Amino acid sequence: MDTKTLKRCFDSNPDGAGVAWTNGHGVTIQKGLLTWADFAKKALKYNSKEYAAVFHFRIATHGGVREELTHPFPITNDYSLLNKTKLKHLPFAVAHNGVFSMLDLDIPKNQSDTTAFIATLLTPILSAKINATALQTDEAAFDKIINLLVSGNRLAIINADGTIHRYGKTWYEKDGIFFSNSSYMECRSYGYYPYSYGEYGYPSAYYHNGKKISRGEYEVRKELNNIISMK
């Protein structure tokens, strides 16, 4: 994947980034990267065929802009581990695109809907799925449960062996790389007109891949967050 695509994702989702990667010997998380320079220094090297990796670029909702709320996360019910920005030798890591607005989550102070979802729902479900595998029962049922909970959101889980499971319906694939929304595509705007009551303005013309589009379509393309999974 070219660096320009990653930079475009960062610019479109500018509230912090991170990566979970593996070369087959446990998953490592490096996140809390609030500037492009920091991302380029600490995460860009995992944009390589040598690694299975999940990149995440955040737009903050619950919890605000905080290093510890950037993705990916370990899968655990321990919030102190969820908030660490560097972890190694993990069996799994997860990244989320969207907002769990349909779930009645109890979100602790200074946490996000994602950390609450992982701690209270995903961790016990994944634990049950692992036990189901050990008992040779139908683990596919647990994938269905996760998909039902994810609903209009997207979720990517990377395993220590490099397997990546994607949940949610809308993923964009390009050259074997999967994106959770279309903010990786080139989308430009030209020209501004002023508000009648202030100094700021909306772009008067929007372009996507060289084609003029409506403002409504442009706003749809600015979905919350972007996950990139590559293997």
Side-chain angles (χ1 to χ4, degrees), residues 1 5-6 9 17-31 33 39 42-58 70-78 81-82 84-98 100 114-115 117-181 184 225-231:
M1 175 169 45
T5 298
L6 287 168
C9 291
V19 60
W21 64 271
T22 181
N23 56 6
H25 301 288
V27 177
T28 296
I29 291 174
Q30 174 69 71
K31 62 177 186 174
L33 310 175
F39 178 87
K42 297 179 180 179
L44 202 56
K45 57 188 172 185
Y46 302 114
N47 177 32
S48 165
K49 293 181 179 180
E50 295 179 26
Y51 305 100
V54 171
F55 293 89
H56 186 275
F57 304 88
R58 184 173 186 245
T70 55
H71 305 216
F73 295 96
I75 299 179
T76 176
N77 59 8
D78 185 337
L81 290 176
L82 286 167
K84 288 186 178 296
T85 58
K86 183 69 179 288
L87 290 164
K88 295 182 177 181
H89 310 303
L90 300 170
F92 311 99
V94 60
H96 167 225
N97 177 179
F100 289 116
T114 302
T115 57
F117 172 79
I118 294 168
T120 61
L121 292 173
L122 185 60
T123 296
I125 291 170
L126 187 61
S127 177
K129 179 181 176 180
I130 292 169
N131 289 332
T133 303
L135 296 171
Q136 296 184 332
T137 56
D138 185 13
E139 63 174 298
F142 296 98
D143 285 332
K144 291 180 181 179
I145 292 171
I146 295 172
N147 267 315
L148 285 171
L149 290 172
V150 168
S151 185
N153 294 260
R154 268 81 68 204
L155 210 67
I157 297 176
I158 181 171
N159 295 0
D161 64 2
T163 304
I164 298 174
H165 297 278
R166 290 174 291 274
Y167 300 91
K169 292 183 179 179
T170 306
W171 287 86
Y172 300 83
E173 187 270 335
K174 182 180 179 182
D175 300 327
I177 300 171
F178 290 83
F179 300 82
S180 65
N181 67 40
Y184 73 95
N225 309 309
N226 195 4
I227 307 169
I228 305 172
S229 66
M230 49 189 290
K231 181 175 181 293

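Side-chain atoms are counted along with the backbone in the values below, which use heavy atoms only and exclude waters and symmetry mates. Everything numeric here is computed off the predicted structure, so don't read it as measured data.
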Side chain of N47, backbone of M1: donor and acceptor closer than 3.5 Å? yes
- Message: Is there a side-chain contact between W171 and S180 in this structure, where contact means two heavy atoms from C-beta onward sitting under 4.5 Å apart?
- Response: yes
Of all heavy-atom pairs linking G18 and P72, the shortest is C-CD, 3.6 Å
Closest heavy-atom pair, F142 versus I125, reported as atoms and distance to 0.1 Å, is CD2-O, 4.0 Å
Between P74 and I29, the two heavy atoms sitting closest are N-CD1, 3.4 Å
Of all heavy-atom pairs linking V19 and A43, the shortest is CG1-CB, 3.7 Å
d(K31 NZ, L87 CG) to nearest 0.5 Å is 7.5 Å
Determine whether N159 and H165 make a side-chain contact, defined as any pair of heavy atoms from C-beta on separated by less than 4.5 Å.
yes
When rounded to the nearest 0.5 Å, the distance separating CG of D161 from CZ of F92 is 9.0 Å
Counting C-beta onward and ignoring hydrogens, is there a side-chain heavy-atom pair between H71 and R58 closer than 4.5 Å? yes
Distance col, row I158:CD1 vs I164:CD1, nearest 0.5 angstrom, shows 4.5 Å
Side chain proximity check, F39 to L44, heavy atoms < 4.5 angstrom: yes
Minimal heavy-atom distance between I146 and L122, with the atoms involved, is CD1-CD1, 4.0 Å
Minimal heavy-atom distance between A119 and P124, with the atoms involved, is O-CD, 4.1 Å
Measuring only between side-chain heavy atoms, which start at C-beta, is Y167 closer than 4.5 Å to L149? no
To the nearest 0.5 Å, atom NE2 of H25 lies from atom NE2 of H89 at 11.5 Å
Is H56 reaching over with its side chain to a backbone N or O of T70, donor-acceptor style, under 3.5 angstrom?
no
Item to check | E173 CD: over 12 foreign heavy atoms closer than 6.0 Å | outcome: yes
Value for CD1 (I157) from CD1 (I75), rounded to nearest 0.5 Å, stands at 4.0 Å
d(T22 OG1, Y46 OH) to nearest 0.5 Å is 11.0 Å
**Report entry** Check against side-chain contact (heavy atoms from CB on, under 4.5 Å), T76 and I118
**Finding:** CA-CA 7 Å; T76 176; I118 294 168; 5.5 Å; no
**Prompt:** Would a 4.5 Å heavy-atom cut-off, applied to side chains only, mark N181 and T170 as touching?
**Reply:** no
#### Entry: Heavy-atom side-chain proximity of V27 to P91 below 4.5 angstrom
no
- Evaluate the ring planes of F100 and F117, with Trp represented by its six-membered ring, and classify them as parallel (under 30°), tilted (30 to 60°) or perpendicular (over 60°). parallel
Are the side chains of K129 and I145 in contact, using a 4.5 Å heavy-atom criterion? no
task: Classify the ring geometry between W21 and Y51 as parallel (under 30°), tilted (30 to 60°) or perpendicular (over 60°).
output: perpendicular
